[in-house]
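Have a look at the structure below before the remarks.
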Number of protein chains: 2
Amino acid sequence: MAEHDAARAERDFLAAYDPRAFAPIAVTVDIVALTLRAGRLDVLAVRRGEQPFAGRWALPGGFVRAGRESLDEAAARELAEETGLDAAALGRVHLEQLGSYGSPARDPRMHVVSVAYLAFAPGLPEARPGGDAAGAGWLPVEAIAEAIAAAEQPDTVRVRPPQQGRRSGTYGGGTGRRPLPGEQPGERPGDLPAGPGEQAAGQGPPGAGGLAFDHGRILADGLERARAKIEYTPLATAFLGETFTISELRAVYETVWGAPLHAGNFHRKVLSVHGFVEPTGETGSRPGSRGGPRARLYRAGRARLLHPALLRPDREAGPR
Amino acid sequence: MAEHDAARAERDFLAAYDPRAFAPIAVTVDIVALTLRAGRLDVLAVRRGEQPFAGRWALPGGFVRAGRESLDEAAARELAEETGLDAAALGRVHLEQLGSYGSPARDPRMHVVSVAYLAFAPGLPEARPGGDAAGAGWLPVEAIAEAIAAAEQPDTVRVRPPQQGRRSGTYGGGTGRRPLPGEQPGERPGDLPAGPGEQAAGQGPPGAGGLAFDHGRILADGLERARAKIEYTPLATAFLGETFTISELRAVYETVWGAPLHAGNFHRKVLSVHGFVEPTGETGSRPGSRGGPRARLYRAGRARLLHPALLRPDREAGPR
DNA sequence: TTAATAGTGTCTGTTAGACATTATAGG
DNA sequence: CCTATAATGTCTAACAGACACTATTAA
């Protein structure tokens with residue numbers, strides 16, 4: 001290491017002398033912004049106006065302003081620019097780092113390291129349509145499932161035999177709604193608390209038929225993170241407004257997980273996890289209902305972690 | 001977004017034309033390499049020979065070679081350089097991305113984005129001592145607990161009231177060993193499946209009394225990730241040799257978590273999780289034992305995920 | 001009235017954890 | 001013999017999930 005450390009210090013010194021003479025690596029942030037609109041999981045995307053991948057959808061993002069902002073700040077800025085949200089509305093958005101992608105081949109022009117972020121937002125307005133650039137909008141996640149599947153092809157992904165996991169159903173099997181037909185269940189081998197890894201970034205046909213660059217993989221990683229995250233944290237509430245009903249919260253889980261949940265068990269479970277939700281004392285009016293009593297309203301509680309967690313149904317166990 | 005997208009494409013073009021005229025941000029990888037030596041959790045560190053932070057310990061790392069390697073490859077290369085391991089030995093090491101840190105102030109010389117990696121390794125040999133640089137070595141994690149605590153000070157960390165969580169003990173309370181006196185339990189509010197976030201990176205007294213730069217915070221994030229990771233994955237076996245006894249595996253958990261576990265319950269639990277370990281049919285000779293039957297030997301199983309998980313004791317629930 | 005929903009109650013199988021017990025080895 | 005450990009057994013409380021039931025509203 002010693003020789004290396006010295007060499008590093010040396011290069012550091014040179015870099016400090018003239019940064020532009022060094023480090024021809026660009027740093028960007030890309031955002032996987034998820035929202036629920038009309039019972040569908042949508043991701044924010046922009047249509048590229050320039051080569052490469054001109055005309056293709058891509059995740060919103062941009063360069064980090066060197067010396068002027070942190071990665072978190074860059075991500076928040078890009079998200080604000082892309083959605084047109086003001087600081088107040090942005091305060092309600094959950095934003096967390098997802099992982100970094102830095103294969104030399106992921107951008108054909110130069111070596112670009114992208115730090116990906118994951119955002120959960122309540123139903124947001126239409127994205128700001130493009131001026132002269134091609135445009136922006138919310139895309140149904142299932143509509144680009146093929147892109148995800150394509151990006152999932154390469155090596156690192158272990159193909160799992162279609163054996164049954166041991167946990168057959170969670171709160172599940174009953175009244176379920178919104179089966180999300182297009183969505184293919186469990187595309188990722190569920191490396192849940194792990195970092196995304198970036199072994200296969202830039203591999204395979206880049207964005208074959210789907211998102212530009214390796215954004216298909218980034219989206220897949222973001223979705224898996226989202227699905228895992230709402231198991232252990234109350235962040236599902238970040239997809240909802242200030243107050244919500246238990247049914248609306250259940251719809252979030254069903255949409256993100258792509259699986260129906262048992263209404264009764266879910267209801268009791270949510271209320272039993274302390275700090276997840278707290279009652280407002282009011283009842284909602286629920287437009288678009290097809291009957292039934294008015295549901296009570298809740299708001300997000302103070303817990304940052306759910307104990308016990310709300311585990312997903314169909315998690316595959318090891319061979320049993 | 002449109003205007004922004006156009007601007008981005010423009011800059012992309014310029015960057016492609018002359019990369020050196022753009023992006024004065026350096027990209028490095030830093031490694032949190034953990035190993036178990038003599039029942040202690042050690043982290044690989046190098047002593048800096050140059051300013052800033054000359055003479056201080058830092059995480060091993062270095063610049064990503066632009067256009068020539070991915071982030072994963074850079075991390076593996078740096079780890080190999082620092083430990084002197086060959087490719088074969090490195091194959092037994094688990095290496096995963098931890099998160100990226102990019103506050104403009106985290107390095108006083110220029111804007112440096114560091115992509116941190118986390119490594120689990122079985123008892124490794126002494127690190128290669130420095131040539132002319134100050135040196136390298138394995139540091140007991142608890143010895144730099146103060147540095148972690150210092151880096152944990154700033155804003156983002158929520159101070160938790162000392163109330164009791166509801167899960168009072170896991171496999172626990174019994175015969176426990178190695179109480180890790182210096183280790184302060186639960187320094188991180190346990191945002192487990194989250195990315196580390198980097199809000200406070202570079203905040204506070206940089207490396208006050210501890211590691212250089214924001215490496216104290218990176219180490220803290222790595223430790224939390226490690227503690228969470230062995231709950232859901234069989235990666236605790238990455239700290240051990242090819243074969244091991246259940247007791248040795250328990251020692252890994254006790255050391256990483258810093259809490260004693262109940263031997264009997266742990267034993268039964270591990271064997272009940274399918275694909276965690278598989279018996280070799282042999283029994284070990286266990287030098288240094290103080291009596292008792294010879295334990296059976298196991299090797300790591302094929303499962304990549306533990307179901308059900310081995311949850312840590314003392315995880316705090318929401319207010320109960 | 002019918003259908004759909006909110007919210008509760010009850011039952012069963014599984015699991016975590018406390019605790020006890022037996023067997024095997026070293027000093 | 002004494003002590004420490006390996007490995008297994010037993011008991012209890014908690015929990016997940018299945019299922020049933022009531023009450024309330026829209027159409």
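In what follows, chains are A, B, ... by sequence order, proteins preceding strands, each numbered from 1. For the numbers below, each heavy atom of this structure counts, side chains included, while hydrogens, waters and symmetry mates do not.
- With hydrogens and angles ignored, the 3.5 Å screen pairs no side-chain donor or acceptor of A:Thr245 with any backbone N or O of A:Leu297.
- Applying the 6.0 Å contact sphere to CD of A:Glu282 captures no more than 12 heavy atoms from other residues, nucleotides or ligands.
- In terms of position along DNA chain D, the nucleotide closest to B:Arg268 lies nearer the 5' end than the nucleotide closest to the other residue of the pair A:Arg268 and B:Arg268.
- The side chain of B:Pro308 sits closest to C:dT15 out of D:dA16, C:dT15, C:dC19.
- A distance-only check finds no donor-acceptor pair linking the side chain of B:Arg225 to the backbone of B:Leu118 [under 3.5 Å].
- Contact annotation: A:Arg296 reaches the phosphate of C:dG7 (side-chain N/O to OP1 or OP2, under 4.0 Å).
- For B:Leu261 and D:dA6, the CG to C1' distance is 16 Å, given to the nearest whole Å.
- For B:His267, the listed nucleotide lying nearest its side chain is D:dT8; candidates were C:dA6, D:dT8, D:dT5.
- In this structure, B:Tyr253 contributes its side chain and B:Ile230 its backbone to a donor-acceptor pair below 3.5 Å.
- Contact check, A:Arg294 against C:dG7: no side-chain N or O comes under 4.0 Å of OP1 or OP2.
- Between the NE2 atom of B:His274 and the C1' atom of C:dT15 there is a distance of 14 Å, given to the nearest Å.
- Atoms CZ (B:Arg250) and C1' (D:dA6) sit 9 Å apart, rounded to a whole Å.
- Comparing atom distances between the B:Leu271 side chain and each of D:dA6, C:dC19, D:dT8 picks out D:dT8 as nearest.
- Phosphate contact (OP1/OP2 of C:dT5, side-chain N/O of A:Ser247, threshold under 4.0 Å): absent.
- A donor-acceptor contact shorter than 3.5 Å links the side chain of A:Arg92 to the backbone of A:Leu240.
- Spacing between atom CG of A:Asn265 and atom P of C:dT12 amounts to 16 Å, rounded to whole angstrom units.
- One can place CZ of B:Phe266 at 17 Å from P of C:dT15, the figure rounded to the nearest angstrom.
- If you measure from atom OH of A:Tyr298 to atom P of C:dA6, you get 11 Å, rounded to the nearest angstrom.
- The CG atom of B:Leu249 sits 12 Å away from the P atom of D:dA6 (whole-angstrom rounding).
- Between the CG atom of B:Leu311 and the P atom of C:dG17 there is a distance of 7 Å, rounded to whole Å.
- Each of C:dT5, C:dG7, C:dG17 was ranked by its minimum atom distance to the side chain of A:Ile246; first place goes to C:dG7.
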